[in-house]
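In what follows, a structure is listed as structure tokens, so that the remarks can point back to it.
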There are 2 protein chains.
Amino acid sequence: MEHGRDAVTLRAIAREVGITAPALYRYYDSREDLLRRLAEDICTDLAAELEAELDRIDADDVSAQVYAVCRGFRRWALAHPQEFTLVFASTEDALGSCGPDDRGQVGDQFGRVFLEVAGRLIASHPLPDDLGDDVPEDLHADLAVFQQVLLATVNDRGVEVDESVLPLGAVYHVTQSWVRIYGHVALEVFGRFPFAVSNPEPMFDSMLAQILGEMGFRHLTRP
Amino acid sequence: MEHGRDAVTLRAIAREVGITAPALYRYYDSREDLLRRLAEDICTDLAAELEAELDRIDADDVSAQVYAVCRGFRRWALAHPQEFTLVFASTEDALGSCGPDDRGQVGDQFGRVFLEVAGRLIASHPLPDDLGDDVPEDLHADLAVFQQVLLATVNDRGVEVDESVLPLGAVYHVTQSWVRIYGHVALEVFGRFPFAVSNPEPMFDSMLAQILGEMGFRHLTRP
DNA sequence: CAACTACGTAAACACCGTTCACTCGACCGT
DNA sequence: ACGGTCGAGTGAACGGTGTTTACGTAGTTG
């Protein structure tokens with residue numbers, strides 16, 4: 001992957017494994033299938049990396065966990081731009097949308113880690129009343145589904161919460177936060193900011209601070 | 001492009017033009033060079049499309065212009081996902097960062113249209129005092145450069161403004177807005193929202209409303 | 001009219017995804 | 001112990017790709 005998606009060649013892989021190219025067809029239906037499963041593996045690796053970082057953090061300091069996951073995601077994306085492009089910036093028909101399930105989650109394993117932290121974040125803290133005040137009517141149904149997914153993800157880790165602490169406005173805010181985090185990381189990876197940012201890291205951190213601030217976390221130490 | 005970047009083949013192009021593949025080397029140094037210049041052409045087309053939409057809008061209604069450009073960008077991206085991927089989601093080493101100039105602007109022509117509207121927006125309206133209150137110190141230098149670019153872009157269209165109406169906080173807010181707009185569009189094109197959004201359009205519109213709201217435009221008609 | 005240039009071609013090379021016929025060794029039931 | 005079956009791998013082949021090279025061939029210029 002280091003040299004881009006086009007460099008992921010059946011013959012190159014076969015050479016590295018010590019077999020011939022047609023032998024790969026015993027394990028993969030086609031090159032596209034191989035790339036799809038490679039993307040899944042990359043997701044799993046990224047998730048493991050983030051989870052390892054999470055383990056080094058106080059289990060009660062949720063905002064520190066948010067920082068760790070988001071910064072870890074950015075750091076990983078900048079260190080592995082080609083992998084990021086494959087997993088997070090490929091059209092679905094070129095990758096099969098990461099999983100045969102109908103709903104196209106964000107890279108299965110990676111999404112789990114992210115949702116878990118997001119769920120714990122809004123569950124661990126009294127939220128401002130005006131958060132996500134005007135969530136559009138048309139999104140209520142979709143957000144309600146996502147709300148249940150978040151609840152299930154959090155409950156899987158032992159913490160019991162009901163939907164009263166996970167209002168739709170907060171769910172909407174989490175979605176908007178993902179838009180901003182993903183947007184910043186992708187723009188940085190692809191060099192598509194409207195001007196040359198000489199040091200994007202403080203910009204990312206201040207965005208995280210603002211996102212957390214809107215959720216009621218103010219005056220944080222930024223670990 | 002319709003069938004993806006990989007389908008942009010020297011021989012296919014030559015076939016369509018009625019010559020043979022090696023003849024293309026009279027005009028392009030390599031396939032990569034061709035793709036780079038194709039990306040520039042796509043940017044120009046997109047810019048022309050947006051500008052055509054702008055011409056159908058009252059020249060004084062700046063917020064309507066913002067809606068038109070942002071919605072046009074989203075509509076174009078969804079209608080041309082492969083082109084969007086090539087121009088807005090490709091690593092720089094695979095495309096040369098859109099232009100030989102040192103500073104990697106967002107697709108030259110397209111960026112111009114966007115900056116123009118953004119500049120007119122913040123110049124046409126008294127901004128809230130708390131806008132972009134805590135812009136990180138480390139970004140002051142970069143933002144100042146961007147501020148000058150915005151001023152130059154606006155002045156090029158006849159409107160004379162000085163930097164007093166274009167405070168750094170507003171410039172920072174424009175950058176954050178681009179992060180959100182780009183993030184939403186890219187997530188939608190790539191199907192990487194954390195849950196299945198059955199109708200993303202109101203979500204996009206409400207994001208635009210919020211962005212404009214933060215700049216002091218409240219209770220807008222959404223054309 | 002000779003020389004030069006722009007434009008295009010055919011052939012070739014190395015590589016690619018994919019298919020097909022084939023071999024080889026391990027395993028299994030009798 | 002033996003024939004049969006099956007998974008894993010191979011080599012050859014096909015059509016397609018980017019790219020280079022040598023060659024042609026009109027049109028322009030001195």
Side-chain angles (χ1 to χ4, degrees), chain A residues 1-45 80-100 104 107 190-191, chain B residues 1-45 80-100 104 107 190-191:
Chain A
M1 278 301 300
E2 191 186 342
H3 304 99
R5 182 199 159 106
D6 292 354
V8 180
T9 290
L10 291 187
R11 286 187 159 91
I13 294 174
R15 210 175 302 132
E16 232 166 290
V17 183
I19 59 178
T20 61
L24 286 172
Y25 281 81
R26 298 280 172 195
Y27 308 92
Y28 303 95
D29 290 342
S30 64
R31 175 172 181 262
E32 201 185 331
D33 177 42
L34 185 146
L35 282 170
R36 191 163 33 242
R37 289 167 56 181
L38 173 60
E40 286 174 22
D41 286 0
I42 291 173
C43 277
T44 307
D45 287 357
H80 306 89
Q82 305 296 345
E83 286 87 341
F84 174 82
T85 305
L86 180 69
V87 176
F88 293 99
S90 294
T91 50
E92 320 192 36
D93 57 86
L95 209 65
S97 99
C98 250
F190 299 137
Chain B
M1 277 302 299
E2 191 186 342
H3 304 98
R5 181 199 160 105
D6 292 355
V8 180
T9 289
L10 291 187
R11 285 187 160 91
I13 295 174
R15 209 175 302 132
E16 230 165 292
V17 181
I19 60 178
T20 61
L24 287 172
Y25 281 80
R26 298 281 174 197
Y27 307 93
Y28 303 94
D29 289 341
S30 64
R31 175 171 181 262
E32 201 185 331
D33 177 42
L34 185 146
L35 282 170
R36 191 163 32 243
R37 288 164 60 177
L38 173 60
E40 286 173 21
D41 286 1
I42 291 174
C43 276
T44 307
D45 288 356
H80 306 90
Q82 305 296 345
E83 286 86 341
F84 174 82
T85 305
L86 179 70
V87 175
F88 293 99
S90 295
T91 49
E92 321 190 35
D93 57 86
L95 210 63
S97 98
C98 251
F190 299 138

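Chain identifiers are assigned alphabetically (A, B, ...) following the order of the sequence lines, protein sequences preceding nucleic acid strands; residue numbering begins at 1 within each chain.
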Residue pair A:T85 / A:F190, side-chain heavy-atom distance below 4.5 Å: yes
For A:T91 and B:Q82, work out which heavy atoms get closest and say how close. OG1-NE2, 3.7 Å
Look up atom OG1 in B:T9 and atom CG in B:L24, then write down how far apart they are to the nearest 0.5 Å. 11.0 Å
Nearest-Å distance, CD1 (A:I19) to P (C:dT23)? 21 Å
Hey, is B:D41 close enough to B:R37 for a salt bridge, meaning N to O under 4.0 Å? no
Determine: side-chain N/O of B:Y27 to OP1/OP2 of C:dG8, distance under 4.0 Å, yes or no. yes
Hey, does the side chain of A:T20 come within less than 4.0 Å of D:dG9's phosphate (OP1/OP2), counting only N and O? no
Tell me, do B:D45 and B:E83 make a side-chain contact under 4.5 Å, heavy atoms counted? no
What one should report as the nearest heavy-atom pair of A:R5 and A:L86 is NH1-CD1, 3.7 Å
Side-chain donor/acceptor of A:R26 to base of D:dG7, under 3.5 Å: no
Touch class at under 4.0 angstrom, heavy-atom based, for A:Y28 against every strand present: nothing
Give every pair of a protein N or O atom and an N or O atom of nucleotides 15-18 of chain C that lie under 3.5 Å apart, one pair per line with the distance.
unit_1	atom_1	unit_2	atom_2	d
C:dC16	OP2	A:R15	NH2	3.4
C:dG17	OP1	A:L10	N	3.0
C:dG17	OP1	A:R31	NE	3.4
C:dG17	OP2	A:L10	N	3.1
C:dG17	OP2	A:R11	N	3.4
C:dG17	N7	A:R11	NH1	2.5
C:dG17	O6	A:R11	NH2	3.2
C:dT18	OP2	A:Y25	OH	2.6
C:dT18	OP2	A:R31	N	2.9
C:dT18	O5'	A:Y25	OH	2.7
C:dT18	O4	A:R11	NH2	3.4

